[in-house]
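Shown next, in C-alpha cells, is the structure this report addresses.
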Amino acid sequence: MSQSFQDSPKFLTERLLRDGYGGTLAEYRAAGGYEQWRRAVTSLQPAEIIDLVKDSGLRGRGGAGFPTGLKWSFMPKDSGKPHYLLVNSDESEPGTFKDRLLLEKDPHLVLEGAAISAFAIGARTIYIYVRGEYVYPRECLDRAIQEAYEAGLLGQKLFGTDWSLDIYTHPGAGAYICGEETALMESLEGKRGHPRPKPPFPAGYGAWGQPTTINNVETVANARPILEHGAGAFRSVGTKNSPGTILVGVSGHVNRPGVYELPMGVPVRTVVDQVCGGMRNGKALKAFYVGGSSTGLLPAKDADVTLDHDAVRERGVMLGTAGLIVMDEDTSIIRATRVLADFYDHETCGQCSQCRVGMEWSYQIIRRIEEGRGHPSDLKTFADLIQNFSGGKTICAFADGAAMPFKTALLHFREEWEEAIRRANPQMADSPSEEPQTAGT
Amino acid sequence: MSEQTILTAELRQEFESLCERYPDRKAALLPILHRVQAIHGCLDRRAQQEVADFLGTSAVEVHGVVTFYPMFREKPIGKHLVSVCKNISCDLMGSDNLLAAIQRKFAVQPGETCTDPSFTLEAVQCQGACGYGPMMVVDGHYHENLDAAKAVQILEDLKA
Ligand SMILES: Cc1cc2nc3c(=O)[nH]c(=O)nc-3n(C[C@H](O)[C@H](O)[C@H](O)COP(=O)(O)O)c2cc1C
Ligand code: FES
C-alpha cells in the first residue's frame with residue numbers, strides 16, 4: 001500500500017518544491033537533467049526501455065489510464081516509415097490544470113521524458129500539441145526547446161550516435177475535442193478536429209498515416225524518473241495496479257486549491273482535509289468530481305475512496321486526469337450539471353447525431369429544471385437521452401464522458417432533481433419520474 | 001480599401017519555415033492562422049483566401065477550419081479581448097458575479113464590444129486555471145484568483 005502523502009517521493013516535482021528553481025537548462029542539468037536521455041541514446045535499446053516502463057506499471061495520465069509500456073509496444077519495429085510521438089498538451093478537461101505546471105515550471109522535464117519516450121517507439125520527430133490558450137506555457141516550452149538544441153541535446157547525431165530528434169510545439173485553437181487522440185491528429189494535420197473511427201489505431205495508421213503514439217504530458221514526464229530510479233522504486237509508490245505518483249489538481253471549495261504530486265491511492269478525504277487545508281469557510285463537503293468533469297461525481301459519503309484506477313471504478317466513476325473538483329454543502333448539483341451541459345453542448349464536434357442532439361437537448365432540459373420550469377417527464381426524458389448517446393454508440397468517447405457527470409448527478413442526488421420538478425409542478429401528486437400528467441411545455 | 005496583401009514577403013518567409021516542420025505543409029494552417037489573426041485582427045475572407053493560396057489548399061477548407069475552432073474569428077473585435085471562464089471550477093468560485101460586474105460596469109454583454117475601454121467580452125469554457133478561479137484572460141494573458149473588484153480594475157486600466 002501507499003505510504004503517507006508527506007513521505008512519498010516527488011518524482012516529478014521535487015525540483016519545483018525547492019526555493020528559487022527557475023526551470024532553466026542549467027538548473028535542470030545541475031539536478032541530473034538529460035542524463036537519462038543521454039543514457040537512453042548511448043546505452044539502452046528501445047525494447048529495454050519499453051520493458052522497463054512495462055515493469056514500472058506506468059499508466060497514462062491523460063484520462064484513460066492505459067498501460068504506457070503496452071501502448072509503446074504496439075508500434076511496429078523496423079517499419080521503414082517515419083514514426084511520430086504526439087505529446088498531448090490540450091488539457092481542456094474541466095477541472096484539469098496539472099500539465100500546465102510542468103510546462104511552465106519544468107519544461108525540460110517534459111522534453112527529456114518525451115525524448116526518451118520517442119526513442120523507445122522509434123520516433124525521430126515529436127509534436128507537442130498545446131492548447132491555443134496556453135500561450136505562456138508554449139513560450140516556456142519553445143524557449144526550453146531552443147536551449148536544448150543549442151546544447152546539442154536535440155538535433156542530429158546526438159551524443160555521437162546516429163540518433164536524431166526534432167521537437168516542435170503546435171498550437172490548438174480552443175476546441176476541447178482536439179484532446180481526443182484521433183481529433184488531435186486531424187487538428188495537427190491542419191483540419192477540423194473531427195475524431196476518426198478506430199480501427200485503424202494510431203500505432204498502425206496515425207498522423208499522416210504513419211505509426212504514431214499519443215501520450216499525455218505527465219505520462220511522458222514519468223519516463224525520466226522511471227529510468228533514473230528504476231521500475232521497482234516507481235512501483236514502491238502507489239498501489240499494485242496504479243503505481244507511482246499522480247499530479248492531483250484540486251479546485252473548488254477548499255482552502256488551498258492547487259496541483260499536488262501525491263502517491264496514487266491517497267484517499268480523497270486526505271486530499272481535502274490535509275493536503276488542501278480543509279473546506280473553505282468551515283463548510284461541509286457535498287460532492288466531488290473525481291478526475292475532471294467527465295469522470296463523474298461522488299457524494300461526500302464516498303470521500304474515503306482512494307485515488308487509484310480500481311478504487312474509483314468500484315464506486316462507478318473514473319480517475320481521469322485526477323482533476324478533483326470539490327463542492328461544499330451550498331452547491332446546487334443542478335446548476336453544476338447545467339454548467340457542464342453548456343460545456344459539452346459547446347464542444348461536441350457534431351459528427352455523430354446522438355451526441356450533437358443529445359448535448360443540446362440535455363442542456364435545454366437541465367436549464368428549464370434549474371429555472372423552475374421542469375416538466376414532470378423531464379427526468380425520464382433526460383435519462384433516456386443519456387441512454388441514447390452513451391455506451392459506445394459514437395465515434396469517440398466524448399459522449400460517454402459527458403454521460404458520466406449527468407448519470408452520477410441523477411443517481412446520487414435524485415431528491416434534488418425531483419424536488420425541483422415538484423416545485424415547478426405543485427399539482428403533481430407523486431413521483432416526478434412518471435409519464436407526463438400535464439400537457440404543455 | 002487598399003489591395004495590399006496580408007501575407008507580406010516577410011510573413012511568407014516566416015511561414016515557409018513553419019511549413020518545413022511538417023511532412024505536409026497544410027499542417028502549418030493552425031499556427032499560420034493564429035499569426036495572421038494577431039496581425040490582421042481577424043480572419044476575414046481575404047485573409048482566408050491568401051492563406052489558402054499560400055498553402056496550396058482551397059478557401060473552403062480554410063473556412064471550414066476557421067469556423068470550427070473557437071479561438072478564430074472572421075470579424076474584427078475591440079482593441080482588447082476579455083475572456084471570462086464560466087466553467088465548473090470557476091463557477092463554484094463565483095465567476096458569474098465577476099461576469100455580471102463587468103457587464104454592469106462597462107455596459108457590455110458577452111459577444112459585444114464596448115468603447116472606452118475598448119474590449120470585446122466573451123464567456124469561455126475551462127482555461128486550465130481551475131485551481132485559481134475565478135479567472136479571465138486579457139489578450140492571452142491569464143489573470144487568476146480574481147474577484148469582481150479586481151477584474152473591473154484590470155479592465156479600467158485598459159482605458160486609453
Ligand atoms: C473528449 C476527449 C478529450 C480528451 N482530452 C485530452 C487532453 O486534453 N489531454 C490528454 O492528455 N488526453 C486527453 N484525452 C485522452 C486522449 O484521447 C488519449 O487517451 C491520451 O492523450 C493518451 O495519453 P496517455 O496514454 O498518456 O494517457 C481526451 C479524450 C477524449 C475522449
Ligand atoms: S473551470 Fe475555469 S479555468 Fe477551469
Side-chain angles (χ1 to χ4, degrees), chain A residues 82 91-100 125 127 131-137 166 168-176 178 187-194 207-208 210 249-254 256-259 289 293 323 325-328 331 335-336 339-340 342-343 346-347 349 405, chain B residues 18-35 37-38 43 51 55 57 61-73 83 85-96 122-133 135 137 139-142 144-145:
Chain A
E91 188 151 82
S92 311
E93 171 74 15
T96 309
F97 56 108
K98 45 112 183 160
D99 295 335
R100 188 179 147 206
T125 311
Y127 296 100
R131 64 175 299 178
E133 296 89 339
Y134 277 6
V135 174
Y136 176 66
D166 287 310
Y168 306 107
T169 62
H170 184 96
Y176 166 67
C178 292
S187 181
L188 175 66
E189 292 178 9
K191 303 177 194 152
R192 299 176 144 229
H194 281 175
W208 301 286
Q210 307 296 349
V250 192
S251 63
H253 300 141
V254 293
R256 288 193 301 270
V259 179
Y289 295 93
S293 61
I325 307 169
V326 179
M327 294 177 279
D328 72 18
T331 310
R335 179 189 173 108
V339 167
L340 291 176
D342 172 56
F343 165 73
H346 185 257
E347 300 298 334
C349 83
Chain B
L18 272 180
C19 290
E20 283 164 17
R21 298 175 163 200
Y22 309 95
D24 172 2
R25 61 193 279 118
K26 289 192 190 74
L29 181 56
L30 263 59
I32 287 177
L33 289 176
H34 274 296
R35 194 80 171 94
Q37 178 166 277
L43 298 165
V51 170
L55 288 175
T57 178
E61 287 270 327
V62 173
H63 184 250
V65 166
V66 167
T67 51
F68 180 82
Y69 292 93
M71 287 181 79
F72 295 139
R73 53 179 181 266
S83 316
C85 175
K86 62 174 170 178
N87 212 312
I88 182 75
S89 305
C90 290
D91 185 69
L92 293 172
M93 302 302 282
S95 58
D96 56 337
E122 55 176 10
V124 293
Q125 301 295 350
C126 177
Q127 300 288 299
C130 322
Y132 323 112
M135 66 86 72
V137 186
D139 301 329
H141 185 84
Y142 279 38
E144 302 172 328
N145 299 306

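In what follows, every chain begins at residue 1, and chains take the letters A, B, ... in the order their sequences are listed. Any value given below was found using the heavy atoms of this structure, including those in side chains, with hydrogens, waters and symmetry copies removed.
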Option that, when pairs with chain B are counted at under 4.5 Å, heavy atom only, ranks first among [options]:
options	answer
A:G193, A:G258, A:G132	A:G193
A:P82, A:G252, A:P257, A:G95	A:G95
A:S187, A:A336, A:G323, A:S293	A:S187
A:Y289, A:Y168, A:Y136	A:Y168
A:R131, A:R256, A:E347	A:R131

Under 4.5 Å from a heavy atom of chain B, the part of [X] involved:
X	answer
A:L188	both
A:V254	neither
A:S92	backbone
A:D342	both

To the nearest 0.5 Å, what is the distance between NE2 (A:H253) and CG (B:L92)? 4.5 Å

When rounded to the nearest 0.5 Å, the distance separating SG of B:C130 from CD of A:E93 is 9.5 Å

B:E144 versus chain A, the contacting section by heavy-atom distance below 4.5 Å: side chain

Mind checking whether B:D24 and A:E189 have side chains closer than 4.5 Å, heavy atoms only? no

Measure across [X] and [Y] and return the closest heavy-atom pair with its distance rounded to 0.1 Å.
X	Y	value
B:H34	A:G172	NE2-O, 2.7 Å
A:F97	B:G128	CB-O, 3.2 Å
A:A175	B:P70	N-CD, 3.9 Å
A:Y127	B:P23	OH-CD, 3.6 Å
A:K191	B:Y69	O-OH, 2.6 Å
A:R192	B:V65	N-CG2, 3.9 Å

A:H170/B:L30 under side chain to side chain contact (heavy atoms under 4.5 Å, CB included): CA gap, chis, key distance, verdict: CA-CA 8 Å; A:H170 184 96; B:L30 263 59; 4.1 Å; yes

Would you call the rings of B:Y22 and A:W208 parallel, tilted or perpendicular if under 30° counts as parallel and over 60° as perpendicular? tilted

Largest heavy-atom contact set with chain A, pairs under 4.5 Å, which of [options]:
options	answer
B:A28, B:G140, B:G64	B:G64
B:I88, B:I32, B:V124	B:I88
B:E61, B:H141, B:Q127, B:R25	B:Q127

The single option from B:C90, B:S89, B:C126 that satisfies side-chain contact (heavy atoms from CB on, under 4.5 Å) with A:S251 is B:S89

Can you list the steps and then say if A:E133 with B:Y142 is a side chain to side chain contact (heavy atoms under 4.5 Å, CB included)? CA-CA 9 Å; A:E133 296 89 339; B:Y142 279 38; 3.5 Å; yes

Stepwise side chain to side chain contact (heavy atoms under 4.5 Å, CB included) test for A:R335 and B:D96: CA-CA 12 Å; A:R335 179 189 173 108; B:D96 56 337; 3.0 Å; yes

